Protein chains: 2
Amino acid sequence: METGQRHEQQTATQRRRTELLEAAERVVLRDGPEASMNAIAAEAGITKPILYRHFGDKSGLYRALAKRHTDALLATLRAALDSPGDRRDRVEATLHAYLSAIETRPQVYRFLMHPAETPSDERGFDVGRHSVPLLRRMGEDLGEVIAERLDLGPDTRQVARVWGHGIVGMMYAAGDWWLGERPLSRDLLVRHLADLLWGRLAEAGDRAGSPGL
Amino acid sequence: METGQRHEQQTATQRRRTELLEAAERVVLRDGPEASMNAIAAEAGITKPILYRHFGDKSGLYRALAKRHTDALLATLRAALDSPGDRRDRVEATLHAYLSAIETRPQVYRFLMHPAETPSDERGFDVGRHSVPLLRRMGEDLGEVIAERLDLGPDTRQVARVWGHGIVGMMYAAGDWWLGERPLSRDLLVRHLADLLWGRLAEAGDRAGSPGL
DNA sequence: GACTGCTGTTACCGCAAGTAACTAGCATGT
DNA sequence: ACATGCTAGTTACTTGCGGTAACAGCAGTC
(Lines give C-alpha, C1' and ligand atoms only; values in the text may rest on other atoms or scores of the structure.)
Protein backbone atom coordinates (compact mmCIF):
# COMPACT_ATOMS: atom_id res chain seq x y z
CA MET A 1 0.00 0.00 0.00
CA GLU A 2 2.90 2.35 -0.42
CA THR A 3 1.16 4.20 -3.23
CA GLY A 4 -1.95 4.29 -1.11
CA GLN A 5 -0.09 6.08 1.64
CA ARG A 6 1.46 8.36 -0.86
CA HIS A 7 -1.95 9.16 -2.14
CA GLU A 8 -3.27 9.79 1.36
CA GLN A 9 -0.52 12.31 1.89
CA GLN A 10 -1.31 14.11 -1.32
CA THR A 11 -4.97 14.41 -0.62
CA ALA A 12 -4.11 15.57 2.89
CA THR A 13 -2.05 18.48 1.60
CA GLN A 14 -4.76 19.10 -0.94
CA ARG A 15 -7.30 19.35 1.84
CA ARG A 16 -5.04 21.59 3.86
CA ARG A 17 -4.74 23.81 0.86
CA THR A 18 -8.47 24.23 0.49
CA GLU A 19 -8.73 24.84 4.23
CA LEU A 20 -6.24 27.65 3.88
CA LEU A 21 -8.17 28.97 0.90
CA GLU A 22 -11.33 29.03 2.93
CA ALA A 23 -9.64 30.92 5.72
CA ALA A 24 -8.24 33.36 3.18
CA GLU A 25 -11.67 33.83 1.71
CA ARG A 26 -13.14 34.62 5.10
CA VAL A 27 -10.53 37.29 5.70
CA VAL A 28 -10.73 38.76 2.23
CA LEU A 29 -14.50 38.96 2.40
CA ARG A 30 -14.24 40.66 5.76
CA ASP A 31 -11.28 42.99 5.25
CA GLY A 32 -11.30 43.51 1.51
CA PRO A 33 -8.59 42.61 -0.94
CA GLU A 34 -5.92 44.49 1.05
CA ALA A 35 -5.96 41.76 3.68
CA SER A 36 -2.41 41.06 4.79
CA MET A 37 -0.78 37.68 4.57
CA ASN A 38 -0.29 37.82 8.31
CA ALA A 39 -3.98 38.32 8.87
CA ILE A 40 -4.84 35.42 6.61
CA ALA A 41 -2.32 33.18 8.28
CA ALA A 42 -3.66 34.15 11.68
CA GLU A 43 -7.21 33.37 10.60
CA ALA A 44 -6.02 29.96 9.47
CA GLY A 45 -4.30 29.49 12.82
CA ILE A 46 -0.80 29.36 11.38
CA THR A 47 1.97 31.69 10.28
CA LYS A 48 3.05 33.25 7.04
CA PRO A 49 5.71 30.93 5.64
CA ILE A 50 3.21 28.13 5.29
CA LEU A 51 1.03 30.24 3.08
CA TYR A 52 4.07 30.95 0.96
CA ARG A 53 4.90 27.27 0.74
CA HIS A 54 1.42 26.53 -0.51
CA PHE A 55 0.84 29.42 -2.87
CA GLY A 56 4.23 30.83 -3.75
CA ASP A 57 3.32 34.44 -3.18
CA LYS A 58 0.34 36.62 -2.48
CA SER A 59 -0.57 36.79 -6.12
CA GLY A 60 -0.62 32.99 -6.21
CA LEU A 61 -2.98 32.81 -3.28
CA TYR A 62 -5.28 35.35 -4.85
CA ARG A 63 -5.18 33.55 -8.15
CA ALA A 64 -6.17 30.29 -6.46
CA LEU A 65 -8.92 32.12 -4.61
CA ALA A 66 -10.20 33.75 -7.77
CA LYS A 67 -10.19 30.52 -9.74
CA ARG A 68 -12.83 28.92 -7.57
CA HIS A 69 -15.35 31.69 -8.00
CA THR A 70 -14.47 32.22 -11.61
CA ASP A 71 -15.10 28.59 -12.43
CA ALA A 72 -18.38 28.63 -10.56
CA LEU A 73 -19.58 31.77 -12.28
CA LEU A 74 -18.63 30.48 -15.70
CA ALA A 75 -20.51 27.27 -15.07
CA THR A 76 -23.58 29.26 -14.10
CA LEU A 77 -23.37 31.34 -17.24
CA ARG A 78 -22.90 28.29 -19.43
CA ALA A 79 -26.02 26.80 -17.94
CA ALA A 80 -28.00 29.96 -18.61
CA LEU A 81 -26.72 29.98 -22.17
CA ASP A 82 -28.30 26.54 -22.58
CA SER A 83 -31.62 27.46 -21.04
CA PRO A 84 -34.81 26.73 -22.97
CA GLY A 85 -36.61 29.29 -25.09
CA ASP A 86 -35.65 31.35 -28.10
CA ARG A 87 -32.47 33.30 -28.56
CA ARG A 88 -33.69 36.38 -26.82
CA ASP A 89 -34.83 34.30 -23.84
CA ARG A 90 -31.39 32.78 -23.53
CA VAL A 91 -29.66 36.13 -23.75
CA GLU A 92 -31.90 37.53 -21.07
CA ALA A 93 -31.41 34.46 -18.91
CA THR A 94 -27.65 34.86 -19.15
CA LEU A 95 -27.77 38.52 -18.26
CA HIS A 96 -29.99 37.65 -15.33
CA ALA A 97 -27.62 34.93 -14.19
CA TYR A 98 -24.66 37.28 -14.22
CA LEU A 99 -26.40 40.18 -12.55
CA SER A 100 -27.95 37.94 -9.98
CA ALA A 101 -24.54 36.50 -9.15
CA ILE A 102 -22.90 39.87 -8.61
CA GLU A 103 -25.94 41.12 -6.76
CA THR A 104 -26.06 38.33 -4.22
CA ARG A 105 -22.35 38.42 -3.41
CA PRO A 106 -20.99 41.87 -4.13
CA GLN A 107 -17.99 41.25 -1.89
CA VAL A 108 -16.89 38.36 -4.04
CA TYR A 109 -17.58 40.41 -7.11
CA ARG A 110 -15.43 43.26 -5.95
CA PHE A 111 -12.65 40.89 -5.12
CA LEU A 112 -12.77 39.32 -8.55
CA MET A 113 -13.11 42.50 -10.53
CA HIS A 114 -11.27 45.18 -8.59
CA PRO A 115 -8.54 43.26 -6.80
CA ALA A 116 -6.19 46.20 -6.20
CA GLU A 117 -3.11 44.05 -6.49
CA THR A 118 0.21 45.29 -5.27
CA PRO A 119 2.78 42.72 -6.26
CA SER A 120 5.99 43.61 -8.02
CA ASP A 121 5.05 41.49 -10.97
CA GLU A 122 6.24 43.34 -13.98
CA ARG A 123 8.68 40.84 -15.42
CA GLY A 124 8.11 41.52 -19.10
CA PHE A 125 5.77 38.72 -20.08
CA ASP A 126 2.39 38.02 -18.57
CA VAL A 127 1.10 41.50 -19.06
CA GLY A 128 -2.55 41.00 -18.27
CA ARG A 129 -2.12 40.23 -14.63
CA HIS A 130 -5.04 39.59 -12.47
CA SER A 131 -7.91 41.97 -12.69
CA VAL A 132 -8.92 41.12 -16.27
CA PRO A 133 -8.67 37.37 -16.69
CA LEU A 134 -12.23 36.77 -15.63
CA LEU A 135 -13.52 39.16 -18.23
CA ARG A 136 -11.24 37.59 -20.80
CA ARG A 137 -12.38 34.09 -20.02
CA MET A 138 -16.02 35.09 -20.13
CA GLY A 139 -15.46 36.85 -23.44
CA GLU A 140 -13.68 33.88 -24.98
CA ASP A 141 -16.28 31.45 -23.72
CA LEU A 142 -19.17 33.47 -25.02
CA GLY A 143 -17.37 33.90 -28.32
CA GLU A 144 -17.06 30.15 -28.66
CA VAL A 145 -20.70 29.58 -27.92
CA ILE A 146 -21.68 32.20 -30.48
CA ALA A 147 -19.38 30.69 -33.07
CA GLU A 148 -20.83 27.26 -32.38
CA ARG A 149 -24.42 28.28 -32.76
CA LEU A 150 -24.62 31.17 -35.17
CA ASP A 151 -23.80 31.49 -38.80
CA LEU A 152 -22.13 34.84 -39.28
CA GLY A 153 -20.71 34.42 -42.74
CA PRO A 154 -17.19 33.51 -43.87
CA ASP A 155 -15.28 34.72 -40.82
CA THR A 156 -17.79 33.64 -38.23
CA ARG A 157 -15.14 32.76 -35.69
CA GLN A 158 -13.58 36.18 -35.73
CA VAL A 159 -16.87 38.02 -35.56
CA ALA A 160 -18.00 35.73 -32.76
CA ARG A 161 -14.93 36.49 -30.68
CA VAL A 162 -15.40 40.21 -31.13
CA TRP A 163 -19.03 39.92 -30.14
CA GLY A 164 -18.20 37.67 -27.23
CA HIS A 165 -15.85 40.18 -25.70
CA GLY A 166 -18.10 43.07 -26.61
CA ILE A 167 -21.19 41.60 -25.04
CA VAL A 168 -19.33 40.55 -21.92
CA GLY A 169 -17.96 44.07 -21.61
CA MET A 170 -21.42 45.50 -21.97
CA MET A 171 -22.67 43.21 -19.23
CA TYR A 172 -19.71 44.03 -17.04
CA ALA A 173 -19.81 47.81 -17.26
CA ALA A 174 -23.56 48.06 -17.01
CA GLY A 175 -23.53 45.63 -14.09
CA ASP A 176 -20.78 47.48 -12.29
CA TRP A 177 -22.59 50.77 -12.62
CA TRP A 178 -25.94 49.28 -11.69
CA LEU A 179 -24.53 47.53 -8.64
CA GLY A 180 -23.29 50.87 -7.34
CA GLU A 181 -26.41 52.95 -7.87
CA ARG A 182 -29.30 50.54 -8.36
CA PRO A 183 -31.40 53.09 -10.23
CA LEU A 184 -33.67 50.43 -11.70
CA SER A 185 -34.80 46.87 -11.20
CA ARG A 186 -32.75 43.99 -12.49
CA ASP A 187 -35.57 43.04 -14.79
CA LEU A 188 -35.66 46.41 -16.46
CA LEU A 189 -31.90 46.53 -16.77
CA VAL A 190 -31.88 43.17 -18.49
CA ARG A 191 -34.61 44.24 -20.87
CA HIS A 192 -32.86 47.47 -21.81
CA LEU A 193 -29.58 45.68 -22.45
CA ALA A 194 -31.28 43.03 -24.55
CA ASP A 195 -33.03 45.80 -26.47
CA LEU A 196 -29.67 47.35 -27.15
CA LEU A 197 -28.37 44.05 -28.48
CA TRP A 198 -31.50 43.68 -30.55
CA GLY A 199 -30.76 46.76 -32.56
CA ARG A 200 -33.02 49.30 -30.95
CA LEU A 201 -30.17 51.80 -31.07
CA ALA A 202 -30.33 51.76 -34.86
CA GLU A 203 -34.09 51.99 -34.98
CA ALA A 204 -34.66 54.73 -32.44
CA GLY A 205 -35.99 58.02 -33.70
CA ASP A 206 -34.18 61.32 -33.38
CA ARG A 207 -35.23 63.63 -30.63
CA ALA A 208 -36.88 66.85 -31.70
CA GLY A 209 -34.27 69.57 -32.12
CA SER A 210 -31.30 67.26 -31.93
CA PRO A 211 -28.52 67.71 -34.46
CA GLY A 212 -28.09 65.40 -37.40
CA LEU A 213 -29.82 62.15 -38.11
CA MET B 1 1.94 94.73 -7.45
CA GLU B 2 1.26 92.69 -4.35
CA THR B 3 -1.49 90.71 -6.01
CA GLY B 4 0.76 90.44 -9.02
CA GLN B 5 3.41 88.84 -6.90
CA ARG B 6 0.83 86.68 -5.22
CA HIS B 7 -0.36 85.62 -8.60
CA GLU B 8 3.16 84.94 -9.80
CA GLN B 9 3.69 82.71 -6.80
CA GLN B 10 0.52 80.81 -7.45
CA THR B 11 1.24 80.21 -11.08
CA ALA B 12 4.77 79.26 -10.08
CA THR B 13 3.54 76.54 -7.74
CA GLN B 14 1.05 75.62 -10.40
CA ARG B 15 3.86 75.23 -12.90
CA ARG B 16 5.95 73.27 -10.43
CA ARG B 17 3.01 71.00 -9.95
CA THR B 18 2.69 70.23 -13.61
CA GLU B 19 6.46 69.73 -13.81
CA LEU B 20 6.16 67.15 -11.08
CA LEU B 21 3.26 65.57 -12.89
CA GLU B 22 5.31 65.31 -16.04
CA ALA B 23 8.16 63.68 -14.16
CA ALA B 24 5.69 61.29 -12.57
CA GLU B 25 4.27 60.50 -15.95
CA ARG B 26 7.70 59.69 -17.34
CA VAL B 27 8.39 57.27 -14.50
CA VAL B 28 4.95 55.67 -14.59
CA LEU B 29 5.17 55.18 -18.32
CA ARG B 30 8.60 53.62 -17.92
CA ASP B 31 8.12 51.51 -14.78
CA GLY B 32 4.41 50.85 -14.80
CA PRO B 33 1.88 51.86 -12.16
CA GLU B 34 3.94 50.30 -9.37
CA ALA B 35 6.43 53.14 -9.61
CA SER B 36 7.47 54.18 -6.13
CA MET B 37 7.14 57.69 -4.78
CA ASN B 38 10.88 57.68 -4.25
CA ALA B 39 11.49 56.89 -7.89
CA ILE B 40 9.14 59.65 -9.01
CA ALA B 41 10.72 62.15 -6.65
CA ALA B 42 14.17 61.16 -7.90
CA GLU B 43 13.09 61.61 -11.51
CA ALA B 44 11.85 65.08 -10.62
CA GLY B 45 15.18 65.79 -8.93
CA ILE B 46 13.70 66.19 -5.47
CA THR B 47 12.65 64.04 -2.51
CA LYS B 48 9.44 62.50 -1.33
CA PRO B 49 7.95 65.01 1.11
CA ILE B 50 7.54 67.57 -1.63
CA LEU B 51 5.42 65.22 -3.62
CA TYR B 52 3.28 64.69 -0.57
CA ARG B 53 2.92 68.42 -0.05
CA HIS B 54 1.68 68.79 -3.58
CA PHE B 55 -0.57 65.80 -3.90
CA GLY B 56 -1.43 64.65 -0.40
CA ASP B 57 -0.74 61.00 -0.99
CA LYS B 58 0.05 58.59 -3.76
CA SER B 59 -3.56 58.20 -4.68
CA GLY B 60 -3.79 61.97 -5.07
CA LEU B 61 -0.85 62.05 -7.41
CA TYR B 62 -2.31 59.26 -9.50
CA ARG B 63 -5.67 60.95 -9.58
CA ALA B 64 -4.10 64.15 -10.84
CA LEU B 65 -2.15 62.16 -13.38
CA ALA B 66 -5.22 60.31 -14.55
CA LYS B 67 -7.35 63.43 -14.81
CA ARG B 68 -5.24 64.93 -17.58
CA HIS B 69 -5.51 61.91 -19.83
CA THR B 70 -9.11 61.25 -18.92
CA ASP B 71 -10.13 64.77 -19.84
CA ALA B 72 -8.24 64.59 -23.09
CA LEU B 73 -9.76 61.26 -24.05
CA LEU B 74 -13.26 62.39 -23.19
CA ALA B 75 -12.83 65.50 -25.31
CA THR B 76 -11.71 63.37 -28.23
CA LEU B 77 -14.70 61.11 -27.87
CA ARG B 78 -17.11 64.03 -27.62
CA ALA B 79 -15.68 65.40 -30.85
CA ALA B 80 -16.11 62.07 -32.59
CA LEU B 81 -19.68 61.90 -31.34
CA ASP B 82 -20.29 65.18 -33.15
CA SER B 83 -18.65 64.15 -36.39
CA PRO B 84 -20.60 64.54 -39.64
CA GLY B 85 -22.53 61.72 -41.28
CA ASP B 86 -25.39 59.54 -40.21
CA ARG B 87 -25.76 57.78 -36.89
CA ARG B 88 -23.80 54.74 -37.88
CA ASP B 89 -20.96 56.94 -39.13
CA ARG B 90 -20.81 58.71 -35.81
CA VAL B 91 -20.81 55.49 -33.85
CA GLU B 92 -18.00 54.11 -35.97
CA ALA B 93 -16.06 57.35 -35.69
CA THR B 94 -16.33 57.20 -31.91
CA LEU B 95 -15.19 53.61 -31.77
CA HIS B 96 -12.30 54.51 -34.02
CA ALA B 97 -11.36 57.46 -31.84
CA TYR B 98 -11.29 55.31 -28.73
CA LEU B 99 -9.40 52.42 -30.25
CA SER B 100 -6.96 54.71 -31.93
CA ALA B 101 -6.26 56.43 -28.62
CA ILE B 102 -5.54 53.23 -26.74
CA GLU B 103 -3.59 51.89 -29.68
CA THR B 104 -1.22 54.81 -29.96
CA ARG B 105 -0.45 55.01 -26.24
CA PRO B 106 -1.00 51.62 -24.67
CA GLN B 107 1.14 52.54 -21.69
CA VAL B 108 -1.16 55.39 -20.82
CA TYR B 109 -4.11 53.12 -21.39
CA ARG B 110 -2.80 50.49 -19.03
CA PHE B 111 -2.16 53.11 -16.40
CA LEU B 112 -5.67 54.47 -16.68
CA MET B 113 -7.46 51.17 -16.80
CA HIS B 114 -5.40 48.76 -14.72
CA PRO B 115 -3.82 50.97 -12.06
CA ALA B 116 -3.22 48.27 -9.44
CA GLU B 117 -3.68 50.65 -6.55
CA THR B 118 -2.55 49.68 -3.10
CA PRO B 119 -3.89 52.26 -0.66
CA SER B 120 -5.59 51.31 2.55
CA ASP B 121 -8.90 52.48 1.25
CA GLU B 122 -11.67 50.45 2.68
CA ARG B 123 -13.57 52.96 4.74
CA GLY B 124 -17.07 51.64 4.14
CA PHE B 125 -18.55 54.22 1.81
CA ASP B 126 -17.33 55.21 -1.60
CA VAL B 127 -16.66 51.70 -2.75
CA GLY B 128 -15.75 52.27 -6.37
CA ARG B 129 -12.49 54.10 -5.98
CA HIS B 130 -10.02 54.66 -8.63
CA SER B 131 -9.71 51.95 -11.22
CA VAL B 132 -13.17 52.44 -12.69
CA PRO B 133 -13.90 56.16 -12.77
CA LEU B 134 -12.83 56.57 -16.36
CA LEU B 135 -15.26 53.91 -17.49
CA ARG B 136 -17.94 55.47 -15.35
CA ARG B 137 -17.39 58.93 -16.72
CA MET B 138 -17.40 57.66 -20.28
CA GLY B 139 -20.59 55.74 -19.61
CA GLU B 140 -22.34 58.71 -18.05
CA ASP B 141 -21.22 61.04 -20.81
CA LEU B 142 -22.35 58.74 -23.54
CA GLY B 143 -25.63 58.21 -21.75
CA GLU B 144 -26.23 61.95 -21.68
CA VAL B 145 -25.49 62.32 -25.35
CA ILE B 146 -27.85 59.49 -26.17
CA ALA B 147 -30.57 60.97 -24.00
CA GLU B 148 -30.11 64.33 -25.68
CA ARG B 149 -30.35 63.05 -29.20
CA LEU B 150 -32.55 60.00 -29.21
CA ASP B 151 -36.19 59.49 -28.41
CA LEU B 152 -36.46 56.23 -26.51
CA GLY B 153 -39.94 56.53 -25.15
CA PRO B 154 -41.16 57.56 -21.70
CA ASP B 155 -38.06 56.70 -19.68
CA THR B 156 -35.54 57.81 -22.24
CA ARG B 157 -33.07 59.01 -19.65
CA GLN B 158 -32.91 55.70 -17.86
CA VAL B 159 -32.59 53.67 -21.01
CA ALA B 160 -29.94 56.05 -22.27
CA ARG B 161 -27.85 55.64 -19.16
CA VAL B 162 -28.04 51.87 -19.37
CA TRP B 163 -27.05 51.98 -22.99
CA GLY B 164 -24.28 54.48 -22.33
CA HIS B 165 -22.63 52.25 -19.78
CA GLY B 166 -23.31 49.16 -21.84
CA ILE B 167 -21.82 50.52 -25.04
CA VAL B 168 -18.81 51.90 -23.22
CA GLY B 169 -18.25 48.53 -21.61
CA MET B 170 -18.49 46.83 -24.97
CA MET B 171 -15.92 49.21 -26.36
CA TYR B 172 -13.71 48.74 -23.35
CA ALA B 173 -13.65 44.96 -23.18
CA ALA B 174 -13.35 44.47 -26.91
CA GLY B 175 -10.62 47.08 -27.03
CA ASP B 176 -8.73 45.55 -24.15
CA TRP B 177 -8.82 42.13 -25.74
CA TRP B 178 -7.95 43.46 -29.16
CA LEU B 179 -5.03 45.49 -27.85
CA GLY B 180 -3.52 42.34 -26.40
CA GLU B 181 -3.90 40.03 -29.36
CA ARG B 182 -4.50 42.19 -32.42
CA PRO B 183 -6.16 39.39 -34.35
CA LEU B 184 -7.79 41.78 -36.82
CA SER B 185 -7.54 45.29 -38.17
CA ARG B 186 -9.02 48.22 -36.34
CA ASP B 187 -11.35 48.81 -39.24
CA LEU B 188 -12.80 45.34 -39.07
CA LEU B 189 -13.13 45.45 -35.33
CA VAL B 190 -15.07 48.68 -35.55
CA ARG B 191 -17.33 47.26 -38.21
CA HIS B 192 -18.09 44.11 -36.25
CA LEU B 193 -18.87 46.07 -33.11
CA ALA B 194 -21.12 48.45 -35.00
CA ASP B 195 -22.84 45.45 -36.57
CA LEU B 196 -23.45 44.08 -33.10
CA LEU B 197 -25.01 47.38 -32.05
CA TRP B 198 -27.05 47.40 -35.22
CA GLY B 199 -28.89 44.26 -34.28
CA ARG B 200 -27.09 41.66 -36.34
CA LEU B 201 -27.08 39.34 -33.34
CA ALA B 202 -30.84 39.11 -33.51
CA GLU B 203 -30.90 38.65 -37.27
CA ALA B 204 -28.16 36.05 -37.63
CA GLY B 205 -29.20 32.58 -38.75
CA ASP B 206 -28.67 29.44 -36.73
CA ARG B 207 -25.73 27.28 -37.61
CA ALA B 208 -26.58 23.87 -39.07
CA GLY B 209 -26.85 21.29 -36.31
CA SER B 210 -26.84 23.80 -33.47
CA PRO B 211 -29.32 23.34 -30.66
CA GLY B 212 -32.44 25.42 -30.35
CA LEU B 213 -33.42 28.51 -32.27
C1' DG C 1 14.20 93.16 11.89
C1' DA C 2 10.34 89.93 12.72
C1' DC C 3 6.68 87.25 10.04
C1' DT C 4 4.89 84.42 6.48
C1' DG C 5 5.09 81.03 3.09
C1' DC C 6 7.34 78.68 -0.09
C1' DT C 7 11.16 75.25 -1.42
C1' DG C 8 13.79 71.75 -0.05
C1' DT C 9 16.34 68.47 3.16
C1' DT C 10 17.54 64.27 6.55
C1' DA C 11 15.96 60.98 9.41
C1' DC C 12 12.67 58.46 11.11
C1' DC C 13 8.07 55.23 12.02
C1' DG C 14 5.05 51.48 10.85
C1' DC C 15 3.85 47.86 8.25
C1' DA C 16 3.56 44.38 4.72
C1' DA C 17 5.89 41.02 1.55
C1' DG C 18 8.97 37.64 1.42
C1' DT C 19 13.04 34.58 3.15
C1' DA C 20 16.42 31.84 6.03
C1' DA C 21 17.23 28.64 9.30
C1' DC C 22 15.63 25.58 12.24
C1' DT C 23 12.47 22.01 14.81
C1' DA C 24 9.09 18.11 15.28
C1' DG C 25 6.33 14.32 13.63
C1' DC C 26 5.87 10.30 10.82
C1' DA C 27 6.19 6.88 7.39
C1' DT C 28 9.59 4.53 4.74
C1' DG C 29 14.10 1.58 2.98
C1' DT C 30 17.97 -1.12 4.77
C1' DA D 1 17.16 0.03 15.35
C1' DC D 2 18.43 3.77 12.43
C1' DA D 3 19.06 6.98 9.03
C1' DT D 4 16.24 9.27 5.26
C1' DG D 5 13.16 12.17 3.49
C1' DC D 6 8.77 14.38 3.43
C1' DT D 7 5.56 17.64 5.32
C1' DA D 8 3.74 21.13 8.75
C1' DG D 9 5.16 24.29 11.61
C1' DT D 10 8.00 27.92 14.07
C1' DT D 11 10.94 32.45 15.14
C1' DA D 12 13.45 36.06 13.57
C1' DC D 13 15.02 38.52 10.08
C1' DT D 14 15.66 41.68 5.62
C1' DT D 15 13.97 44.81 2.31
C1' DG D 16 11.29 48.24 0.61
C1' DC D 17 7.44 51.35 0.49
C1' DG D 18 4.03 54.87 2.09
C1' DG D 19 3.88 58.47 5.01
C1' DT D 20 5.49 61.95 8.58
C1' DA D 21 8.21 64.89 11.79
C1' DA D 22 11.45 68.41 12.33
C1' DC D 23 14.35 71.35 10.64
C1' DA D 24 16.97 74.83 7.18
C1' DG D 25 17.24 78.38 3.58
C1' DC D 26 15.29 81.99 0.98
C1' DA D 27 12.00 85.00 -1.11
C1' DG D 28 8.85 89.07 -0.30
C1' DT D 29 5.75 91.82 3.29
C1' DC D 30 4.63 94.73 7.44
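Naming convention: chains lettered A, B, ... in sequence-line order (proteins, then strands); numbering from 1 in each chain. Because the structure is a prediction, the values reported are computed rather than measured.
- An OP1 or OP2 oxygen of C/dG18 is reached within less than 4.0 angstrom by no side-chain nitrogen or oxygen of A/R53.
- In this structure, A/E34 atom CD and D/dC17 atom C1' are separated by 16 Å, rounded to whole Å.
- Among D/dA21, D/dG18, D/dG9, the nucleotide with an atom closest to any side-chain atom of B/P49 is D/dA21.
- Within a 6.0 Å sphere centred on CZ of B/R157, heavy atoms belonging to other residues, nucleotides or ligands number 12 at most.
- When distances are taken from the side chain of A/T13 to each of C/dA17, D/dG9, D/dT7, the shortest belongs to D/dT7.
- As a whole-Å value, the separation of B/I50 CD1 from C/dT10 P is 10 Å.
- Figure legend: B/R182 and B/W178 shown as a cation-pi pair, the cationic atom lying under 6.0 angstrom from the six-membered ring centre and within 45 degrees of its axis.
- Between D/dG18, C/dA16, D/dG9, one nucleotide has an atom nearer to the side chain of B/Y52 than all others, and that is D/dG18.
- When distances are taken from the side chain of B/M37 to each of D/dG18, C/dT10, C/dA17, the shortest belongs to D/dG18.
- Between B/Y172 and B/Y98, the distance from one ring center to the other does not fall under 6.0 angstrom.
- Straight-line distance from the NZ atom of A/K58 to the C1' atom of C/dT19: 17 Å, rounded to whole Å.
- Per the geometry, CZ belonging to B/F55 stands 15 Å off P belonging to D/dT20, to the nearest Å.
- Considering only the side chain of A/K48, C/dA17 comes nearest among C/dA17, D/dG19, C/dT9.
- With rounding to the nearest 0.5 Å, the separation of CH2 in A/W177 from CG in B/L135 is 14.0 Å.
- Ranking C/dT10, D/dG18, D/dT11 by closeness to the A/T47 side chain, first place goes to D/dT11.
- A straight line from CG of B/N38 to P of D/dT15 spans 16 Å, rounded to a whole angstrom.
- Taking atom CG on A/D57 and atom P on C/dA16, their separation rounds to 17 Å, with Å as the unit.
- Between A/F111 and A/Y62, a ring centre-to-centre spacing shorter than 6.0 Å is recorded.
- In this structure, CG of B/D31 is placed 15 Å from C1' of D/dG16, rounded to the nearest angstrom.
- The distance from atom CD1 of A/I46 to atom P of D/dT11 is 12 Å, rounded to the nearest whole Å.
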